[in-house]
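This report concerns only the one structure given below.
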Amino acid sequence: MQQGLEHCPEAKAIREEVFMKEQGFQVEFDDTDREAWHLVLWQDGKALATARLYSQGEGVYAIGRVAVRKEGRGKQLGRAVMEAMEQKARQLGAKDIQLSAQVQARGFYEKLGYRAYGQEYLDEHCLHIAMEKTL
């Protein structure tokens, strides 16, 4: 796990492939990437999954940009990324985790113990919902 996207080119490549090329997002990278912790999961020598973790304030952290390449899907890599990020958040003193989930992925996060709150909203062209989990 690395702090700062500039130290984690594989995470950037996965996000470009999944969010920009596959899903058509235009605005993928932001200032948060400089301070966030970035994780990449490897399998058979290939970087297949990533996510980022960053502070939202006193005891609250956010997980975002969770992405798994096509060839890694269906192998529980999304779950593994989330579990690793939650473990890191605990080490950093997190009590709560927040995330902004694509509505189509809501069930995935609910299975991991996250609860949706608020109204659905558009992020670029895609519906999202805010979710949270107490650690």
Side-chain angles (χ1 to χ4, degrees):
M1 193 171 305
Q2 297 285 327
Q3 192 169 18
L5 190 60
E6 68 274 11
H7 302 295
C8 207
E10 298 87 357
K12 185 175 182 184
I14 294 168
R15 287 169 52 185
E16 286 173 342
E17 182 178 320
V18 172
F19 294 124
M20 298 179 84
K21 292 178 184 165
E22 276 184 43
Q23 297 181 2
F25 284 91
Q26 301 291 313
V27 182
E28 174 53 25
F29 304 101
D30 57 27
D31 290 340
T32 301
D33 283 320
R34 280 189 234 125
E35 299 169 14
W37 289 92
H38 298 270
L39 172 73
V40 174
L41 288 186
W42 295 75
Q43 191 171 66
D44 299 324
K46 183 156 187 183
L48 293 179
T50 190
R52 72 179 185 181
L53 174 74
Y54 56 96
S55 176
Q56 292 284 80
E58 190 70 29
V60 179
Y61 278 75
I63 296 174
R65 304 307 205 263
V66 179
V68 179
R69 284 187 159 136
K70 282 184 183 178
E71 62 264 42
R73 294 178 193 157
K75 299 178 180 180
Q76 301 294 313
L77 295 179
R79 173 182 286 278
V81 165
M82 290 299 294
E83 289 172 353
M85 293 310 248
E86 288 176 9
Q87 181 180 358
K88 180 66 174 180
R90 282 185 190 93
Q91 291 172 356
L92 295 170
K95 305 285 186 248
D96 295 296
I97 298 284
Q98 297 176 343
L99 57 86
S100 175
Q102 291 184 12
V103 169
Q104 52 97 8
R106 179 178 176 166
F108 165 75
Y109 293 109
E110 287 175 339
K111 287 177 187 171
L112 297 174
Y114 288 82
R115 177 185 73 75
Y117 65 93
Q119 299 295 313
E120 293 179 1
Y121 56 93
L122 279 176
D123 181 351
E124 291 193 43
H125 61 279
C126 184
L127 276 176
H128 282 68
I129 186 78
M131 301 186 80
E132 64 185 355
K133 178 179 180 178
T134 300
L135 296 179

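Applying the under-4.5 Å side-chain rule to Ile, Leu, Val, Met, Phe, Trp and Tyr, the cluster around L5 extends to M20, F29.
Residues K133 and G113 come closest through the heavy atom pair CG-O, 3.7 Å. Closest of all the heavy-atom pairs between A47 and R69 is O-NH1, 2.5 Å. Between A11 and T50, the shortest heavy-atom contact is CB-OG1, 3.2 Å. Scanning all heavy atoms of the two residues, the minimum distance from L53 to I97 falls at CD1-CD1, 4.5 Å. For the residue pair L99 and I63, the shortest heavy atom distance occurs at CB-O, 3.3 Å. Taking all atoms of both residues into account, the shortest heavy-atom contact from Q56 to Q98 is NE2-OE1, 3.7 Å.
Residues Y61 and L135 form no side-chain contact, since every pair of their non-hydrogen atoms from C-beta on lies 4.5 Å or further apart. Between C8 and V40 the shortest side-chain heavy-atom distance falls below 4.5 Å. At a threshold of 4.5 Å between non-hydrogen side-chain atoms, the residues M1 and M85 count as touching. In this structure, the side chains of F25 and R15 stay at 4.5 Å or more apart for every pair of heavy atoms.
Two different hydrophobic clusters hold W37 and Y54 under the rule that ILVMFWY side chains link at heavy-atom gaps under 4.5 Å. Criterion: ILVMFWY side-chain heavy atoms under 4.5 Å apart, direct or through other members. Under it, F108 and L39 are part of a common hydrophobic cluster. Y109 and V18 are assigned to two separate hydrophobic clusters, defined by single-linkage of ILVMFWY side chains at heavy-atom distances under 4.5 Å. One hydrophobic cluster holds both L112 and L77 under the rule that ILVMFWY side chains link at heavy-atom gaps under 4.5 Å. Hydrophobic clustering (ILVMFWY, side-chain heavy atoms < 4.5 Å, transitive): I14 and L48 are in distinct clusters.
Pairs passing the side-chain hydrogen bond (donor to acceptor under 3.5 Å, both in side chains) check and including a residue from residues 122-132, sequence neighbours excluded, read R115-E132.
The CD atom of E35 sits 9.0 Å away from atom OG of S55, with the distance rounded to the nearest 0.5 Å. Considering CZ of R34 and CD of E6, their distance stands at 8.5 Å, rounded to 0.5 Å. Note that the NE2 atom of H7 and the NE2 atom of H38 stand 9.5 Å from one another [nearest 0.5 Å].
Using a 4.0 Å cut-off between charged side-chain N and carboxylate O, E28 and R65 make a salt bridge. Looking at R73 and E22, a side-chain N of the basic residue comes within less than 4.0 Å of a carboxylate O on the acidic one, giving a salt bridge.
By the 6.0 Å contact criterion, NZ on K75 is enclosed, its count of non-hydrogen atoms from other residues, nucleotides or ligands being greater than 12. By the 6.0 Å contact criterion, CD on Q119 is open, its count of non-hydrogen atoms from other residues, nucleotides or ligands being 12 or less.
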(request) Let me see the working for T134 and K95 under side chain to side chain contact (heavy atoms under 4.5 Å, CB included), right down to the final yes or no. (result) CA-CA 6 Å; T134 300; K95 305 285 186 248; 5.9 Å; no
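Among residues two or more places apart in sequence or in another chain, the side-chain contact (heavy atoms from CB on, under 4.5 Å) test is passed with L127 by V103, E120, L122.
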